[in-house]
**Q** 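Here it is, the structure in full.
A note on names: the letters A, B, ... follow the listed sequences, proteins ahead of strands, and every chain is numbered from 1.
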Amino acid sequence: MELEKAYNPAEAESTHYKSWEERGCFAPEINENPNAEAFSIVIPPPNVTGSLHMGHALQHTLMDVLTRRKRMLGYKTLFLVGVDHASISTQLMVTRALKKDEHKTPQDIGREAFMGRAWAWKNKYGGTITNQIRREGLSVDWSRERFTMDENLSKAVSEVFVRLYGEGWIYRGKRIVNWCPRDKTVLSDLEVKEETKKDGKLFYLQYPVKNSDAKITVATTRPETMLGDTAVAVNPKDERYKNLIGQTIELPLTNREIPIIADEYVDAEFGTGAVKITPAHDPNDYEVGLRHNLEQLNVMNDDATMNETAGNDFVGLDRYAAREKVVEKFDELSLLEKIDDYEMVLPVCERCKTVIEPFLSEQWFCRMDEMRDLALDLMKREGAPHFYPQVPHEKVYMTWLENLRDWTISRQLWWGHQIPAWYDENGNVIVARTKEEAVERAGTENLTQDADVLDTWFSSALWSFSTLGWNGETTETEDLKTFHPTDVLVTNRDIIFLWVSRMVMTGLKFIGEKPFEDVIIHGTVLDKNGQRMSKTKNNGIDPLDVFNKYGVDATRMTLADSATGIDFAWRDEKVESFRNFANKIWNATRFCLLNSDGAQVDYSFINPKAEVKEIKQTLGDELNELDEEDEEFLDKIKPEFAFDNPKENLSLADKWIISRLNKTAVQVNKSLDKYDFHEAVQTLYHFFWDDFCDWYIELVKDEITASEPNVKRDAARSRVITILEQSLRLLHPFMPFLTEELWQKLPEVSSDLHNDAYKNAKQTIMLADFPMGDAAMIDEQAESEMQAVIDLISKTRNIRAEMNIKPSDRTAIHVAANADLQKVFNENQAQILKLARASELNLNETLDVPRASAKAVLAGGAEIAVPLEGLIDFAKESERLENQSNKLNAEGERLKNQLANQGFVEKAPPEKVAGLQARVAEIEQQTNALKQNLEALK
RNA sequence: AGUCACUUAGCUCAGUGGUAGAGCACUACCUUGACACGGUAGGGGUCAGCAGUUCAAGUCUGCUAGUGACUACCA
């Protein structure tokens with residue numbers, strides 16, 4: 001079988017996902033090992049109205065990398081998927097559609113009909129993001145897909161509400177809240193953002209003092225609220241106003257009289273030092289009002305138009321129109337002192353950017369003091385959840401908890417979980433799980449349910465356990481026992497408060513345990529100019545476009561490579577480089593497959609433990625009780641199985657690549673265990689491209705491309721294809737599609753390489769054993785010998801390049817080296833000749849070459865010379881040697897200075913000093929050699 | 001205002017005490033039977049600035065400057 005010349009991602013992406021899903025590979029049930037440890041992760045539920053953006057793609061990639069690796073390692077793995085109901089945005093969309101299609105408002109059709117439309121909308125359009133999740137290749141268990149408004153999850157919401165109410169942690173009250181006049185609902189503090197308004201104005205209004213000619217001037221940015229003023233406040237220490245305290249203001253435009261009061265809250269330095277107090281329309285004024293027993297005059301409707309209380313002149317006007325009119329009237333009355341330009345910051349609705357109106361209304365609140373203590377104690381007690389990176393997130397999280405205020409949980413919407421509270425004819429509240437329960441408790445059928453729904457985050461807060469079956473009634477499901485607490489949460493820092501902290505609190509409160517061990521907070525994907533992506537700036541990058549252009553795997557690699565916890569600017573060039581990497585993997589495999597006749601994938605030559613496993617299976621139980629490392633065990637199996645010692649048949653290149661492979665596997669596992677995705681990607685990239693493609697394949701090329709079949713050739717083919725197979729496994733969590741596509745094309749993988757937990761393992765790489773790497777297979781001697789060979793080849797190539805030797809011209813290489821190195825070079829002569837384009841390799845103790853030679857020094861005291869009669873440019877060669885010499889000298893000087901430092905020699909660790917001394921000796925030897933070579937040119 | 005992060009090659013970023021790294025871009029050569037989405041060999045950085053701790057600082061401490069984020073307040 002021959003592969004196409006270049007990797008075409010679309011093909012692989014269109015077939016494998018379906019096949020994985022159909023075979024049930026994503027469900028934990030695929031794991032048939034009854035003793036398997038569990039690994040679980042829940043997706044931060046995206047909005048049902050949403051579509052995939054780069055932040056999702058990043059987050060999802062990281063979760064999938066972790067999940068796929070754990071699954072391959074034999075964990076019983078659950079990656080739970082689902083979306084939340086997004087109360088506000090869904091309601092907005094459905095309302096918009098209703099208006100467009102039927103010219104009706106929600107009120108026109110009523111709550112029940114509206115809910116019908118909303119569900120229909122959800123069923124029709126709500127699948128956008130879930131389909132995109134399939135496109136990303138996420139190995140999520142679709143059989144456990146959840147929605148926050150599922151029956152069971154809704155039941156959990158009611159249960160939690162009822163219990164918290166019962167304990168007095170939920171209450172109803174009239175407070176100043178953040179009101180969005182467009183959505184006509186209250187919002188929590190966290191859903192309010194700030195916007196700077198540069199062209200704001202500060203209005204100075206004069207209020208006449210009763211029975212006096214005096215006027216007191218107040219400064220305000222919102223003159224229309226003066227219609228609801230119920231006092232003017234000054235600082236008690238402010239000498240200017242001391243004698244006015246206790247007097248009365250005749251409030252213009254109204255026929256009301258309001259007192260002048262003293263309150264510490266007033267900053268005498270700001271504005272005029274006198275503040276109008278509007279308790280119903282400002283949170284600070286509200287507090288002042290409570291302290292002084294002031295009336296709360298609400299002058300607005302829920303759409304921010306003025307109501308009757310504002311007076312006949314203003315009723316029905318929008319707040320901004322009312323503002324103009326108030327200012328006009330003050331001007332007419334000559335009570336407008338002045339208008340200053342004033343830059344100010346306005347609170348706006350996070351979703352629709354409408355300016356928030358502080359509004360006095362009756363809402364449901366969740367008390368956070370005791371909830372917060374649960375989370376604080378957990379951190380103090382066991383440092384959980386552990387944030388990655390710990391700095392700065394842990395501190396931010398703790399500080400926020402410490403200053404936490406009560407949470408407004410009701411919303412004036414229909415789409416969502418209707419608050420499980422009923423009112424009887426007398427207005428008594430009955431909080432119950434169901435209407436039946438409420439009726440029973442109230443003793444009457446005549447009950448009205450609270451019209452409001454709960455904040456979407458209230459249900460998201462239960463996500464870690466409601467998704468696993470908890471609903472208050474059922475509290476111990478198999479899934480909860482197996483998968484809770486989840487292992488790790490991957491999310492962005494914007495929702496540490498909105499979601500992470502609340503999940504911790506509810507988890508502790510209702511399950512009695514933390515919802516997750518670790519929390520990975522990833523950075524934000526910025527545009528190429530380092531700006532945040534936003535709809536208003538229209539600088540967003542659609543992950544789907546990137547998938548289409550470069551492939552899903554390349555995108556995943558890019559995101560994983562960038563995941564260091566801090567923000568990063570998106571670069572198309574980077575995806576391009578990983579697209580190239582995917583193509584490199586494709587072509588390396590293509591080459592191996594072109595030379596794969598007679599080859600088999602067999603791990604035994606690189607991992608004796610795999611052999612042991614096979615032997616154990618053959619010999620049966622008697623050996624299973626013995627430790628594999630035990631000498632008795634080894635003695636017992638050796639004579640029975642006189643397998644060749646495979647290591648003795650291996651070339652230096654083989655030993656070297658086996659060592660590199662094991663180092664890579666060890667490193668990748670280590671990196672992923674500490675959630676260092678960047679390190680894992682870099683390790684894999686350089687192993688595959690530099691070690692495997694640039695060196696190993698080149699070193700064994702002649703051997704595996706031999707046209708005549710023979711045992712040696714086929715063994716070499718097996719080795720190269722096995723290394724390749726192992727590499728694909730290591731890459732699979734990052735690049736699932738490409739690796740599956742290629743893995744399917746490899747010769748059959750021997751059975752002992754599969755994971756016992758999965759009966760489907762032979763059909764898919766995603767259920768193959770993930771290579772852990774074996775420290776015993778790391779061969780430092782082979783690595784250093786190979787390094788010498790690489791050094792020899794590279795230096796020769798350098799000479800050839802610098803001297804402009806045509807690629808077709810072969811040159812001789814003379815090497816001076818010690819006996820050990822000579823042996824290494826001699827054994828690898830064929831490869832050296834090929835890769836250095838040399839005609840002959842002369843090995844000696846010393847160099848004896850014509851003057852017309854280019855030379856270089858190697859590590860370990862070796863030197864090389866390339867005779868270039870008629871080709872050498874002596875001036876250029878001098879310059880080249882000079883350059884090398886200068887570089888070495890600079891380093892040597894630096895090190896010698898360090899060694900000359902008494903303090904260094906005395907205080908630095910001895911091995912450091914010895915290392916430096918050795919390096920200095922080598923540099924001296926090499927510079928001497930270079931000097932002699934230079935002399936010889938003259 | 002407070003808290004925090006960031007500042008390393010032209011660009012995007014790794015690198016937490018011991019000889020400055022990667023990818024892209026750049027230069028030269030190469031259409032060599034896996035790959036031009038490629039190969040080979042190169043050039044390029046007083047690690048924002050200043051001071052300190054240390055035998056030794058890109059790395060630790062303090063200050064300064066710039067950039068960004070978050071929290072609170074803003075009559």
**Q** Taking N and O atoms by type only, does the side chain of Gln682(A) place a donor or acceptor under 3.5 Å from a partner on the base of C13(B)?
**A** no

**Q** Taking only Lys NZ, Arg NE, NH1 and NH2, and the carboxylate oxygens of Asp or Glu, determine whether Glu891(A) and Arg919(A) approach each other closer than 4.0 Å.
**A** yes

**Q** Tell me which nucleotide, if any, is Watson-Crick or G-U wobble paired with U71(B) when both distances must be under 3.5 Å.
**A** A1(B)

**Q** Given Asp567(A), which partner from the list Arg532(A), His522(A), Arg493(A) fulfils the side chain to side chain donor-acceptor pair (under 3.5 Å) test?
**A** Arg493(A)

**Q** Check whether the side chain of Lys574(A) and the base of C24(B) form a donor-acceptor pair under 3.5 Å.
**A** no

**Q** Considering only the P atoms, how many Å lie between G62(B) and G44(B), rounded to the nearest integer?
**A** 36 Å

**Q** Is any side-chain N or O of Asn798(A) closer than 4.0 Å to OP1 or OP2 of G42(B)?
**A** yes

**Q** Pairing check on C63(B): which nucleotide meets the Watson-Crick or G-U wobble criteria with it, both distances under 3.5 Å?
**A** G49(B)

**Q** Can you check the Asn883(A) CG to G43(B) P distance for me, whole Å?
**A** 8 Å

**Q** Under a 3.5 Å cut-off for both distances, is C13(B) Watson-Crick or wobble paired, and to whom?
**A** G21(B)

**Q** Any side-chain N or O of Lys584(A) less than 4.0 Å from the OP1 or OP2 oxygen of C37(B)?
**A** no

**Q** Check if the side chain of Glu802(A) and the base of A28(B) share a donor-acceptor pair of N or O atoms closer than 3.5 Å.
**A** no

**Q** Is there a Watson-Crick or G-U wobble partner for G33(B) with both distances under 3.5 Å, and which nucleotide is it?
**A** none

**Q** For C60(B) and G17(B), measure between their C1' atoms and round to the nearest Å.
**A** 8 Å

**Q** Does Arg919(A) make a side-chain N or O approach to OP1 or OP2 of U19(B) shorter than 4.0 Å?
**A** no

**Q** Mind checking who U27(B) pairs with, Watson-Crick or G-U wobble, both distances under 3.5 Å?
**A** A41(B)

**Q** Below the 4.0 Å mark, does A14(B) have OP1 or OP2 next to a side-chain nitrogen or oxygen of Thr564(A)?
**A** yes

**Q** Between atom CE in Met803(A) and atom C1' in U40(B), what is the gap in whole Å?
**A** 16 Å

**Q** Would you say the side chain of Glu573(A) and the base of U12(B) hold a donor-acceptor pair, judged only by whether the two atoms sit under 3.5 Å apart?
**A** no

**Q** Rounded off to whole Å, could you give me the CG-to-P distance for the Asn897(A) and U19(B) pair?
**A** 16 Å

**Q** Would you say the side chain of Lys912(A) and the base of A56(B) hold a donor-acceptor pair, judged only by whether the two atoms sit under 3.5 Å apart?
**A** no

**Q** Side chain to side chain contact (heavy atoms under 4.5 Å, CB included) with Ile805(A): which of Leu868(A), Val866(A), Ile872(A)?
**A** Leu868(A)

**Q** Does the cation-pi check pass for Lys701(A) over Phe591(A), that is, NZ or CZ under 6.0 Å from the six-membered ring centre and within 45° of its axis?
**A** yes

**Q** Looking across every strand, which nucleic acid part, if any, lies under 4.0 Å from Phe203(A) by heavy atom: base, sugar-phosphate, or nothing?
**A** nothing

**Q** Just checking, Lys201(A) and Tyr342(A): is the charged tip under 6.0 Å from the six-membered ring centre and within 45° of the axis?
**A** no

**Q** On RNA chain B, nearest-nucleotide positions of Tyr342(A) versus Asn901(A): which is more 5'?
**A** Asn901(A)

**Q** Toward the 5' end of RNA chain B, which comes first, Cys693(A) or Gly273(A), by nearest nucleotide?
**A** Cys693(A)

**Q** So does Trp695(A) get a side-chain nitrogen or oxygen closer than 4.0 Å to the phosphate oxygens (OP1/OP2) of G39(B)?
**A** no

**Q** Write down the distance separating the P atoms in A28(B) and G43(B), rounded off to the nearest Å.
**A** 15 Å

**Q** For the atom pair CD1 (Ile799(A)) and NZ (Lys795(A)), what is the distance rounded to the nearest 0.5 Å?
**A** 9.5 Å

**Q** Between Ser794(A) and A41(B), is there a side-chain N or O to OP1/OP2 distance below 4.0 Å?
**A** yes

**Q** Could you tell me whether the phosphate oxygens of C4(B), OP1 or OP2, come under 4.0 Å of any side-chain nitrogen or oxygen in Lys395(A)?
**A** yes

**Q** Round to a whole Å and report the spacing from CE of Met398(A) to P of C70(B).
**A** 22 Å

**Q** Check this one for me: any side-chain N or O of Lys887(A) less than 4.0 Å away from OP1 or OP2 of U19(B)?
**A** no

**Q** Expressed in whole Å, how much space separates the C1' atoms belonging to U61(B) and A57(B)?
**A** 11 Å

